[in-house]
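Read the structure below first, then the notes.
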Amino acid sequence: MAALLLKCYKPLILLCSTSTTAIHVPTHKIFISNNKNFLTRSRFYCSTQLGQSQSCTSTNGTGGPENEMPIHQPLFLHNTMSKKKELFRPKTPGQVGIYLRHLGYEVKYVRNFTDVDDKIIARANELGEDPIDLSRRYCEEFHRDMAYLHCLPPSVEPRVSDHMPQIIDMIKQILDNGHGYRIEGDVYFSVHKFPQYGQLSGRKLEDNRAGERVAVDLRKKNPADFALWKSAKEGEPFWESPWGPGRPGWHIECSAMSAAYLGYSFDIHGGGMDLIFPHHENEIAQSCAACDKSNISCWIHNGFVTIDSEKMSKSLGNFFTIRQVIDLFHPLALRLFLVGTHYRSPINYSDAQLESSSDRIFYIYQTLYDCEDALSQNDEASRRNNVPQEIVDCIEKFNDIFCSSMSDDLHTPVVLAAMSDPLKTANDLLHTRKAIKNALITLGFMPTSSSEVLIPEELLRPFSNSQVLHQLREKALKRAKLTENEVLHRIDERNTARKNKEFGKSDAIRKDLAAVGISLMDSPEGTTWRPAIPLALQAEHVEAT
């Protein structure tokens, strides 16, 4: 089964105000090999959005989670162009081009797919399949994996193969403005005609070594010049153009599609740090060459998922697909793992980290479940009229931390840490539960409705605290290679041993289960079990934190 690669980008969560901003997150490119989709994980959370890889664009949408807030919280984002944190000011008040919905922005989220690419063509030829059909199949698998992770679908999702007229028109504009040249059916961008080249990455042209990041072609006027249009080669799909049959270069497609849906001037463009150069640098150059009014206010880039401090990569073979991870861990545990560090920082993948995230998600949902159960036994009036001041203070403190931290360059780890105190008191009052629930909705751990997040049926019906707890228990049993009946049998054996005062045997059973991530809890009502971090990984987790 095709699956997306949990590779290098971390998700990023963007908030909202009541404005519309345009955002372009780097090209969503589907890498195909060995019958799998490989997702370069873009660390972009847009409201309840786990970022996709490569290119996404956004502008003018509608809707939002429960209890939307008016615009009053200033939002600061780190701008790669200026190399500093800046106050976010949308170009058009009331409109924002990525999921900044919690603060009240109207949003239209546009995510584009690269479905014409050297690697896709090579893989399709190996399989004897049409490249566009192959890409479509993997895009569908991508949608499914994003749904598992509670990612909101885009408002618009353009594909390269459907936008050849726009791409060809932009190349014409670049040539007409004197920023490109033709060679035997190929069209290249002339970097020396754009003096600002390197402003985003801080690189100079002399820093570029031929063959390292730029394709070697001795016909080019400058080794750093990059392809806008590639002439057709045997066995490749092609489209007619003024320069002959061929297909677009990678960079031009992103500029053309972002301009088509956002215009040449928009607010936010994002993606993984590895796209700063050459991809985003080239996008800036060609967009400005096509239109001198081209301007993007803020560039946002995320860190990588690593293994043993090395970036996940197909070439190194040190990667996991999303499907592989969620086969053993609940998708919300994976999401919590990704949100657990700041989007611009690297995050190191390990089983211990996933176990810890799974344990935390279970705790959150168990608390909410117990809270609802307790509250169901009291009427609404009694709940509202008996709110201790310390509980009110706890709620207000958490709300303040949530708003200020998310508005300070999307500081999700601070929010998750601050959730500990209200979780401890969540069983005391309905208001506390609502504060936690609102944060969980914004962070993407709880959908607001089935229409907003296309969650696979097995995860959606019913989406409740008890259902999530059930799913988390199932994943824990699978990792432990046990059935629930086997666990209950071991509990019965332990109860018998305790009754017979065989405390050594009783302790051994508890320890054996704890070793595989099954924790036993004794109470006057009897013994129950819950998922836990396996003993062997607990020390590793403590060391990592």
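Atoms considered below: every heavy atom in the structure, side chains included; atoms not considered: hydrogens, waters and symmetry mates.
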For the SG atom of Cys298 and the CZ atom of Phe88, what is their distance to the nearest 0.5 Å?
8.0 Å
Do Pro346 and Asn348 touch side chain to side chain, with heavy atoms closer than 4.5 Å?
no
Atom pair CG/CG of Leu262 and Asp267 - distance to nearest 0.5 Å:
9.0 Å
Test your reading of the model: is there a side-chain donor-acceptor pair from Thr496 to the backbone of Asp492, 3.5 Å cut-off?
yes
Polar side-chain atom of Ser405 near backbone of Phe402 as donor-acceptor pair, under 3.5 Å
no
Look at Arg479 together with Glu355 and state whether they make a salt bridge at an N to O cut-off of under 4.0 Å.
yes
Using modelled atom types and a 3.5 Å cut-off, is there a donor and acceptor pairing between side-chain atoms of Arg335 and backbone atoms of Leu149?
yes
Taking the six-membered ring for Trp, are the ring centroids of Phe142 and Phe113 within less than 6.0 Å of each other?
yes
Using the six-membered ring wherever Trp is involved, compare the ring planes of His280 and Trp299 and label them parallel, tilted or perpendicular (cut-offs 30° and 60°).
tilted
Do the side chain of Ser519 and the main chain of Arg530 share a donor and acceptor less than 3.5 angstrom apart?
no
Is it true that Asp512 and Arg494 make a salt bridge, defined as a side-chain N closer than 4.0 Å to a carboxylate O?
no
From Asp421 atom CG to Phe398 atom CZ, the distance as rounded to the nearest 0.5 Å:
10.0 Å
Compare all side-chain heavy atoms of Tyr349 with those of Phe337 and state whether any distance is below 4.5 angstrom.
yes
Only one of Arg473, Gln467, Glu474 forms a side-chain hydrogen bond (donor to acceptor under 3.5 Å, both in side chains) with His470, so which one is it?
Glu474
So that I can tick it off, tell me whether Lys505 and Glu493 are bridged by a salt bridge, with the cut-off set at under 4.0 angstrom between side-chain N and carboxylate O.
no
Residues Ser357 and Gln353: side-chain donor-acceptor under 3.5 angstrom
no
Determine whether Glu396 and Asn399 make a side-chain contact, defined as any pair of heavy atoms from C-beta on separated by less than 4.5 Å.
no
Side chain Lys475, main chain Ile326, donor-acceptor under 3.5 Å:
yes
Establish, yes or no, whether the cationic atom of Lys311 lies under 6.0 Å from the six-membered ring centre of Phe304 and within 45° of the ring axis.
yes
Residue among Val487, Val516, Thr483 satisfying side-chain contact (heavy atoms from CB on, under 4.5 Å) with Leu477:
Val487
Run the salt-bridge test on Asp409 and Arg344 with the 4.0 Å N-O cut-off and return the result as yes or no.
yes
Within the side chain of Glu86, is there an N or O that forms a donor-acceptor pair under 3.5 Å with the backbone of Asn79?
no
Residues Ser506 and Arg498: closest non-hydrogen pair is OG-CG, 3.1 Å
Donor-acceptor check, side chain of Thr442 to backbone of Asn438, threshold 3.5 angstrom: yes or no?
yes
Which value, rounded to the nearest 0.5 Å, describes the distance between Asp370 atom CG and Leu469 atom CG?
8.5 Å
Would you say the side-chain atoms of Asn112 pair up with the backbone N or O of Glu157, donor to acceptor, closer than 3.5 Å?
no
Donor-acceptor pair, distance only, cut-off 3.5 Å: does the side chain of Arg510 make one with the backbone of Leu520?
yes
At their closest point, which heavy atom of Leu443 faces which heavy atom of Leu416, and how far apart are they?
CD1-CD2, 3.9 Å
Under a plain distance cut-off of 3.5 Å, with no hydrogens placed, do Arg360 and Ser420 share a side-chain donor-acceptor pair?
yes
Expected output: side-chain Ser356 to main-chain Ala352 donor-acceptor under 3.5 Å:
no
For the residue pair His411 and His342, categorise the inter-ring angle as parallel (less than 30°), tilted (30 to 60°) or perpendicular (more than 60°).
tilted
For the CG atom of Asn302 and the NE2 atom of His78, what is their distance to the nearest 0.5 Å?
13.0 Å
Using side-chain heavy atoms (C-beta onward) and a distance below 4.5 Å, is Ile361 in contact with Phe445?
yes
I'd like to check Tyr343 versus Ser345 (side-chain heavy atoms, cut-off strictly below 4.5 Å). Are they in contact?
no
